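Reading through the structure tokens given below for one structure.
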Amino acid sequence: MSTAAKKQIVLGAFVNGVNHTTVWSDPQAGSQIDFSTFRHVAQTAERGRFDFFFLAEGLALRERGGRVFDQDIVGRPDTFPVLAALAAVTEHLGLVGTFNATFNEPYELAKQLASLDHLSGGRAGWNVVTSFDAFTGQNFRRGGFLHRDDRYVRAQEFLAAARELWDSWAEDAIAADKDSGTFLRQADAGAFAVQGKQFGIEGRFATPRGPQGHPVVLQAGVSPQGREFAAGGADAVFCPLQPLDKAQEFYRDIQERATRQGRPAGSVKLLPSATVVLGDTEEEAAERHRDIVLRQISGQTAQILLETVWNRDLSGYDPEGPLPDVDPDPAGPRVIQGRANIFQDPHRTVAEWRGIAEANGYSLRELAIHVFGRAEFVGTPTGIADRLDDFVQQGGSDGYILGSHLVPSGLDEFVDKVVPLLQERGSLRTEYTGSTLRENLGIPTPRAASGQPVAG
Amino acid sequence: MSPPDHLHLAVALDGTGWHPAAWREPGARPGELLTARYWADLVARAESRLLDFVTLEDALALQSTSPNRHDARTDEVRGRLDAVLIASRVAPLTRHIGLVPTVTVTHTEPFHISKAIATLDHISGGRGGWRAQVAKPLEAPHFGRREVAPFPEPGPDGRLAPPEEFARAVADAFGETEDFVEVVRRLWDSWEDDAEIRDAATERFIDRDKLHYVDFAGRWFAVRGPSIVPRPPQGQPLVTVLAHASAPYRLGARSADVVYVTPRDTEHARAVVAEIRAEQETAGRGGETVHVFADIGVTLGATSAEAEDRRAALDARAGGAPVSDAQDFTGTAVELADLLLALREGGLTGFRLRPAVLPDDLTAVTGALVPELQRRGVFRTAYEAATLRGLLGLGRPANRYAAPR
């Protein structure tokens, strides 16, 4: 295959934060809050010619049985200030944050995103999420106001409103002509009006159009509603990594949905999250992986991970013993708060897990390790580069979002050892070619007023 | 800590300067207002001559000559960037100067603002703060969630006659701001400094007894907490407010670390400071340092005549002298130093200067005013503290939730 014909792998890096995957007890583990941590990861990603850096968000500290989690990472910085500061210490890297459509208002958030786009020279991205839980709502003046079924309505209307605001300024609205005294070319620059179920707003938008027109929009979610939303409005989708055949199916499904909604083929990039564990030999890599997983999923963490599905206090069950013999209690008061439950049907999930545990003779902790501790890419740099590349070339995804159990230095090894191999294969840029995140991703820049993409 | 006879100096950055015709000056950079470099240059200049901090104006609306509605002007600067993001963008490029963005409290979430300013403090190594600002009526339709009484507009005689409804709205607005600041401050304290323990033996990342629910419930909102952000380096980043009347004086005395006021002269300054000090006593903050700074617009020149000419040209271009809430000074740096020292006799501890034209009048402040004040022995000759609170002689406050030890 000639290098020119190869699909380019999109790479995003994130700082592992509030979850069990970060091994904070490692002697090399650094701060989860100091700016130096974020600078290190972002600059490492830029050295590896990644497309973007990504920060997740959580708007309430997680609780177990009514008390704040204490056994894994707690606390994180606010996303916007970190991304804006990173713009000062990087030149090309996209800066993507998760921002909640439920606990924000379009005017304020659109202004922040447009500002980040200006201050970074066109590198801003927004991962749109919605939340409907009253638990998180307790931190906000609006409370937990949104019904579960309305969350995509809210997200859709929010995104549409934000786009309306970004489009309210023409690209050439500012003349700033000192001689004639004309600052604005149009007296109504920024004028907008949005009417919907969630928002009734009008006025003048404060921030002129950013370099990208609209920041890059990302979305996470694999439910049919989520897929439809992503296909209609997102530039990229975060998703779990699946085996190639299932990933190809998901890929085709998203592209078909996008086409049905009138978008050109290839409009939506699919970016599964992936964990890489390297070793000089396959055996060494497997050993390192085992060691990491054992540190990530202690007996206590295993109980907590299973509690998210059982919705019962499992602290009395021996982690080295069999799975709890009780049924899950999905209707009871939430044992774990502030953490997404990714399993839709607890009874079915538990039944599956019992089957797996029985077939393999797994203890409670071993089952948790089996379910939650899998690293997708474990091997030598050459082997990993091959597998990462093949998966993308075969239509499993457009790239990956990479994190590490070790903050902040966990990405260094990947950049030092795997990135050069991907570059040799012609699947990863050796220099940035665009100046904006859209240009680097190959996503068209929307035109003002019409909202239609500009060709190229 | 700076000697007690030193005065503090901040500069208020807004667009191309505070004069509406500033953008047409030869040195102005109106085409660069949306770039990081523009703001980085201005803040670097302020830092190069040891100013305490810069403030950055902001609003959840486009600039307008009326507080109640947007205008259709095309001959003044319109459009702005988010001030918290500008401050954050500049933070890694500076080392000493305080960064104090303006944040509107009327339509925003105390939880978001608390974590944003805490994070600004983390990324700047303890140089963060904010100015809490009440929204103008024209911002309300941008959120569509509440009705806001219009500001009274001047009658034919140019005088304001606030209707009763407006007076009530003002009292409510500052009451809400006080609650807002209280929630922001509680959230900053919701993590004790040593909450993160990383104790591998007991598998605990934090000591959760050192995290606290803030459980605020007031007339405008209820917020539970704790914050998602660990306590910032300064403990409590700087809280500042601009005040022109009794209700905001009270707010400043009860809630702020720095109150910007707009005295006409030394006697007026004395009266305003006395009112704030009395409110401070009433609020039980008599023993705390609350700075009172005067806001002053500045148009500077090498000679008085040059300054007057600059000012006249600006006013002519704007079609008349613009109305300002603060005293406007036009003259030399030496004359300005005289004015600042005279005003200080009224009990002020510092000044927030509003340059008429950027960068011209900022350059005059750093290049001429600062050396003059240094010559008179009333301004620092080197940064003497690592944090903004430190520069202002404010201690690092104890955590309200921590058990005394």
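For clarity, every value in this text was computed on a predicted model and none was experimentally measured. Residue numbers begin at 1 in each chain, while the letters A, B, ... track the order of the sequences. Values below: every heavy atom of this structure, side chains too, minus hydrogens, waters and symmetry copies.
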Considering only heavy atoms, which portion of Leu59(A) lies under 4.5 Å from any heavy atom of chain B: side chain, backbone, both, or neither?
-> both
Interface check, chain A: of His122(B), Glu76(B), Lys115(B), Arg37(B), most non-hydrogen pairs under 4.5 Å belong to Lys115(B)
What residue in Ile73(A), Leu116(A), Asp34(A), Val89(A) has the most heavy-atom pairs under 4.5 Å with chain B?
-> Ile73(A)
Contact part of Ser25(A) toward chain B, heavy-atom cut-off under 4.5 Å: side chain, backbone, both or neither?
-> side chain
Flag, side chain of Arg80(B) to backbone of Thr207(A), donor-acceptor distance under 3.5 Å | no
Non-hydrogen atoms of chain B under 4.5 Å away: do they reach the side chain of Phe205(A), the backbone, both or neither?
-> backbone
So Phe69(A) and Arg204(B), side chain to side chain contact (heavy atoms under 4.5 Å, CB included) or not? Walk me through it.
-> CA-CA 9 Å; Phe69(A) 267 42; Arg204(B) 290 181 305 149; over 6 Å; no
Of the backbone (N, CA, C, O) and the side chain (C-beta and beyond), which part of Ile174(A) lies under 4.5 Å from a heavy atom of chain B, both, or neither?
-> side chain
Output the option from Thr35(B), Thr16(B), Asp58(B), Ile117(B) having the highest count of non-hydrogen pairs under 4.5 Å with chain A.
-> Asp58(B)
Mind checking which of residues 35-43 of chain A sit less than 4.5 Å from chain B, heavy atom to heavy atom?
-> Phe35(A)
Side chain, backbone, both or neither: which part of Asp72(A) has a non-hydrogen atom closer than 4.5 Å to chain B?
-> backbone
Name the region of Phe99(A), side chain, backbone, both or neither, that has any atom closer than 4.5 Å to a heavy atom of chain B.
-> neither
Return the minimal non-hydrogen interatomic distance between Ala72(B) and Ala187(A), and the atom names on each side.
-> O-CB, 3.4 Å
Electrostatic pair Glu139(B):Arg204(A) at N-O distance under 4.0 angstrom = no
Would you mind telling me which of Leu81(B), Leu60(B), Leu85(B) makes a side chain to side chain contact (heavy atoms under 4.5 Å, CB included) with Lys111(A)?
-> Leu60(B)
Can you tell me how far OG1 of Thr119(B) sits from CZ of Arg76(A), rounded to the nearest 0.5 angstrom?
-> 11.0 Å
Contacts of type ring-ring contact (aromatic ring centres under 6.0 Å, His included), residue Phe140(A), not counting sequence neighbours = Phe103(A), Phe111(B), His112(B)
Side chain, backbone, both or neither of Asp177(A) within contact of chain B (heavy atoms, under 4.5 Å) = backbone
Output, in order, the C-alpha distance, side-chain angles, deciding distance and verdict of side chain to side chain contact (heavy atoms under 4.5 Å, CB included) for Arg141(A) and Phe180(B).
-> CA-CA 11 Å; Arg141(A) 60 204 292 171; Phe180(B) 198 110; 3.9 Å; yes
Contact origin within Glu25(B) toward chain A - heavy atom pairs under 4.5 Å = backbone
Heavy atoms only: give me the nearest Pro81(A)-Val84(B) pair and the separation to one decimal.
-> CG-CG1, 4.5 Å
Side chain, backbone, both or neither of Thr108(B) within contact of chain A (heavy atoms, under 4.5 Å) | both
N-O pairing of Asp26(A) and Arg198(B) below 4.0 Å | no
So which of Val223(B), Ile228(B), Leu211(B) has the biggest tally of heavy-atom pairs under 4.5 Å with chain A?
-> Ile228(B)
Okay, Ala175(A) and chain B: the region with an atom under 4.5 Å from a heavy atom over there is neither
Asp78(A) CG to Asp121(B) CG distance, which is reported to the nearest 0.5 Å = 13.0 Å
Under 4.5 Å from a heavy atom of chain A, the part of Tyr213(B) involved = side chain
Answer yes or no: is there a donor N or O on one side and an acceptor on the other, between the side chain of Arg208(B) and the main chain of Val68(A), under 3.5 Å?
-> yes
Say whether Gln300(A) and Glu203(B), considering side chains only, have a donor N or O and an acceptor N or O under 3.5 Å apart.
-> yes
Quick one: closest heavy-atom pair of Gln32(A) and Phe205(B), and the distance?
-> CG-CZ, 4.4 Å
Expected output: side-chain Lys178(A) to main-chain Ala28(B) donor-acceptor under 3.5 Å = yes
Tell me, for Thr136(A) versus chain B, whether the close heavy atoms (under 4.5 Å) come from the side chain, the backbone, both or neither.
-> neither
Taking every heavy-atom pair that is under 4.5 Å apart, which of Gly144(B), Pro92(B), Ala195(B), Ala200(B) has the most such pairs with chain A?
-> Pro92(B)
Tightest non-hydrogen contact, residues Leu61(A) and Trp191(B), listed as CD1-CZ2, 4.1 Å
Note: vs chain B, highest number of non-hydrogen pairs under 4.5 angstrom among Gln186(A), Glu63(A), Gln112(A) is Glu63(A)
What part of Ile86(B) gets closer than 4.5 Å to chain A, counting heavy atoms only: side chain, backbone, both or neither?
-> both
Roughly how far, to the nearest 0.5 Å, is the CG atom of Asp75(B) from the CG atom of Leu184(A)?
-> 9.0 Å
Nearest heavy-atom approach of Pro208(A) to Gly79(B) is CD-CA, 3.8 Å
For chain A, find which of Leu120(B), Asp199(B), Thr104(B) contributes the most heavy-atom pairs closer than 4.5 angstrom.
-> Asp199(B)
Between Gly181(A), Pro106(A), Gly190(A), Pro77(A), which has the largest tally of heavy atom pairs under 4.5 Å with chain B?
-> Gly181(A)
Among Ala88(A), Gly203(A), Pro211(A), Gly75(A), the residue with the most heavy-atom pairs under 4.5 Å to chain B is Ala88(A)
Identify the heavy atoms of Ile201(A) and His142(B) that sit nearest to each other, and give their distance.
-> CG2-O, 3.4 Å
Under 4.5 Å from any heavy atom of chain A - which part of Pro26(B) | backbone
Side chain to side chain donor-acceptor pair (under 3.5 Å) against Arg89(B), all qualifying residues, sequence neighbours excluded = none
So, the part of Ala60(A) with a heavy atom under 4.5 Å from chain B: the answer is backbone
Residues that Trp39(B) engages under ring-ring contact (aromatic ring centres under 6.0 Å, His included), provided they are two or more places apart | none
Would you check, one step at a time, whether the test side chain to side chain contact (heavy atoms under 4.5 Å, CB included) holds for Glu108(A) with Phe143(B)?
-> CA-CA 9 Å; Glu108(A) 187 185 14; Phe143(B) 292 83; 4.2 Å; yes
Option that, when pairs with chain A are counted at under 4.5 Å, heavy atom only, ranks first among Ala61(B), Ala91(B), Ala36(B) = Ala61(B)
